[in-house]
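Below is one structure, written out as structure tokens, with a few remarks after it.
The residues of the chain are indexed from 1 along the displayed sequence.
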Amino acid sequence: MFKFWKKNEDKNENPDQEVNLEEGISEEEIREEVSDDASQVQEIDEEVFQEETKEEGSQDQYLSKGTLEGDKEEEKAQVEEEIENVEDADVQADEEIREEETIEKETIEKEIIEKEIIEEVDGDDSQDPAQEEGQEKMGIFARLLAGLSKTKDNITGRIDSLLKSYTKIDEELLEDLEEILITADVGVTTTMEIIDRLRDMIKERGVKDPLEVRDLLKEIVASILKEGNSELDIHPGPAVIVMVGVNGVGKTTTIGKLAQRYKKDGKKVMLAAADTFRAAATEQLDIWAKRIDVDIIKHHEGADPGAVVFDAIKASQARKVDLLICDTAGRLHNKANLMNELGKIFKIIDREYPEAKKEVLLVVDATTGQNAVSQAKTFKEVANITGIVLTKLDGTAKGGVVLAVKSEVDVPVKLIGVGERAEDLQSFDADSFTDAIFG
């Protein structure tokens with residue numbers, strides 16, 4: 001290599017001097033030396049590159065270790081956030097599903113209620129015209145007789161069979177009569193009273209023929225049912241009827257039928273939807289009001305019942321209403337809450353509507369048997385009940401509950417329901433009821 005540069009230097013110093021390649025370094029030697037030099041430079045460069053790469057690798061490894069730990073924490077936080085988002089989305093989806101199901105359920109219930117009310121108010125359009133006309137011509141007693149047919153078969157049908165099987169009156173006969181009355185839901189207390197009175201009447205009148213016992217029973221039942229005034233005290237107006245009773249006994253339907261009856265009698269009727277705690281109660285009463293074309297005062301669901309009654313009284317006074325019928329809550333978690341709400345309503349009526357006649361009617365379902373008696377006793381403790389409405393008597397063979405309610409609760413039965421039509425809500429008449437059962 002140095003020889004090559006020496007020759008070049010000599011050439012530069014003496015440009016005019018010719019260089020003799022034969023005497024100097026050959027071209028091939030020059031190329032070999034240049035190649036060797038290039039290889040050495042390449043090796044040095046590779047060693048330097050490897051050292052630098054090793055150094056950078058160590059630094060990257062150090063940095064990547066910290067970065068990896070940070071990345072793991074960040075990745076963990078992202079995963080937790082994604083899980084929370086998924087859980088929130090699931091909760092929101094569940095809430096949306098429940099909301100949709102609730103709306104759908106309320107819509108279906110409203111449609112069912114509206115259909116039932118239309119059938120009750122207008123009658124069943126599917127009925128044969130001749131059959132419908134015959135029902136319209138049916139008298140009050142005939143409707144009562146038809147509605148109490150199951151009770152008649154269960155009580156007097158069994159009593160007649162029993163009396164025909166005996167040739168004399170003895171304690172065994174009285175015990176069998178006692179069993180029939182108890183199973184007809186007359187109630188143990190009332191049954192014992194009836195049997196005791198029957199035993200005394202048999203001795204006093206010297207009755208020997210078992211078949212005559214039937215007439216004695218009819219007389220005793222009529223006397224029990226006649227105790228107390230069974231007439232609604234709403235004439236002349238204005239008057240207020242407060243309806244109480246647990247949910248599901250037919251309270252709202254009874255209000256609608258009662259309003260329809262008095263509207264047909266020429267009275268101006270208004271409804272107050274003060275049962276603001278039960279879902280769809282206001283809507284159900286509103287449908288009735290529209291179908292029979294009477295005014296209704298209502299607030300939103302969950303509103304103060306006292307406020308509804310207050311507004312209804314003021315509207316009744318302003319519009320010269322003859323009869324205001326107030327729906328109330330059937331259950332408010334416990335007896336104390338129920339008593340407080342009903343007490344508030346009664347105070348508002350007494351204070352704001354002192355000139356109005358007042359009736360507090362308890363609606364009970366006859367098909368529940370002795371449970372109806374328990375309900376009557378409970379409500380009597382929290383409200384000054386003036387009368388009882390027994391619904392669905394046509395659907396039970398245990399109409400003897402009328403006797404149990406009247407005797408054990410000591411509140412007169414004023415209305416009975418013996419069918420689905422508005423005309424089947426009848427004023428209670430002791431003689432007619434007794435005749436329908438005993439014939």
Working note: Val308 + Thr276, criterion side chain to side chain contact (heavy atoms under 4.5 Å, CB included); need CA distance, chi angles, decisive distance, verdict. CA-CA 9 Å; Val308 178; Thr276 58; 4.1 Å; yes
Expected output: side-chain [X] to main-chain [Y] donor-acceptor under 3.5 Å:
X	Y	value
Lys257	Glu420	yes
Arg214	Phe438	yes
Lys380	Val409	yes
Ser407	Ala404	no
Thr156	Lys152	yes
Gln317	Glu352	yes
Thr391	Ala366	no
Thr328	Met243	yes

Nearest 0.5 Å, please: how far is [atom2] in [Y] from [atom1] in [X]?
X	Y	atom1	atom2	value
Glu178	Thr183	CD	OG1	10.5 Å
Ile234	Lys267	CD1	NZ	5.5 Å
Thr190	Ile220	OG1	CD1	12.5 Å
Arg197	Ile224	CZ	CD1	5.0 Å
Ile296	Ile325	CD1	CD1	11.0 Å
Ile385	Asp410	CD1	CG	11.5 Å

Could you walk me through whether Leu285 and Asp275 pass side chain to side chain contact (heavy atoms under 4.5 Å, CB included), step by step? CA-CA 10 Å; Leu285 198 63; Asp275 185 1; over 6 Å; no
Looking at Asn384, I'd like to know if its CG atom is crowded, meaning that more than 12 non-hydrogen atoms belonging to other residues, nucleotides or ligands lie closer than 6.0 Å.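 Counting other residues, nucleotides and ligands, CG of Asn384 stays at 12 neighbours or fewer.
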Tell me whether Lys347 at atom NZ has more than 12 heavy atoms from other residues, nucleotides or ligands lying less than 6.0 Å away.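 At most 12 heavy atoms, drawn from other residues, nucleotides or ligands, come within 6.0 Å of this atom.
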Compare every heavy atom of [Y] with every heavy atom of [X], then report the nearest pair and how far apart it is.
X	Y	answer
Glu408	Gly187	OE2-CA, 3.9 Å
Leu181	Ile195	CD1-CD1, 4.3 Å
Asp365	Ala372	O-CB, 3.7 Å
Leu323	Val321	O-CG1, 3.3 Å
Lys358	Tyr353	NZ-O, 3.5 Å
Lys392	Val249	CE-O, 4.0 Å

Heavy-atom side-chain proximity of [X] to [Y] below 4.5 angstrom:
X	Y	value
Val418	Gln426	yes
Phe277	Pro305	yes
Ile313	Ile349	yes
His235	Lys357	no
Phe310	Asp304	no
Leu362	Val411	no

All pairs passing salt bridge (charged side-chain N to carboxylate O under 4.0 Å, His left out) where residues 215-232 contributes a residue, at least two apart: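 Output for this query lists Arg205-Glu219, Lys218-Asp435, Lys226-Asp431, Glu227-Lys406.
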Return yes if a side-chain donor-acceptor contact under 3.5 Å exists between Ser432 and Asp429, otherwise no.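 There is such a pair (donor and acceptor under 3.5 Å, judged by atom type) between the side chains of Ser432 and Asp429.
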Side chains of Asp322 and Tyr262: do they bring a donor and an acceptor to under 3.5 Å?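 Per modelled atom types, Asp322 and Tyr262 side chains form no pair under 3.5 Å.
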Kindly write out the residues that satisfy side-chain hydrogen bond (donor to acceptor under 3.5 Å, both in side chains) with Thr386, not counting sequence neighbours, or none if the list is empty.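 Result, side-chain hydrogen bond (donor to acceptor under 3.5 Å, both in side chains) vs Thr386: Glu359.
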Identify which one of Leu177, Leu174, Leu162 satisfies the side-chain contact (heavy atoms from CB on, under 4.5 Å) criterion when paired with Val213.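 That would be Leu177; it is the only one of Leu177, Leu174, Leu162 passing the side-chain contact (heavy atoms from CB on, under 4.5 Å) with Val213.
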Pair [X] + [Y], salt bridge at N-O below 4.0 Å:
X	Y	value
Arg261	Asp265	no
Glu283	Lys298	no
Lys263	Asp293	yes
Lys377	Glu381	no

I would like to know whether Leu415 and Ser427 meet side chain to side chain contact (heavy atoms under 4.5 Å, CB included); could you show each step before the answer? CA-CA 5 Å; Leu415 295 167; Ser427 296; 4.1 Å; yes
Residues that Phe346 engages under ring pair (Phe, Tyr, Trp, His ring centres under 6.0 Å), provided they are two or more places apart: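 In terms of ring pair (Phe, Tyr, Trp, His ring centres under 6.0 Å), with neighbours along the sequence ignored, Phe346 is linked to no residue.
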I'd like to know whether Asp160 forms a salt bridge (charged side-chain N to carboxylate O under 4.0 Å, His left out) with Lys164, so could you lay out the CA-CA distance, the side-chain angles of the two residues, the decisive distance to 0.1 Å, and finally the verdict. CA-CA 6 Å; Asp160 289 342; Lys164 290 177 182 178; over 6 Å; no
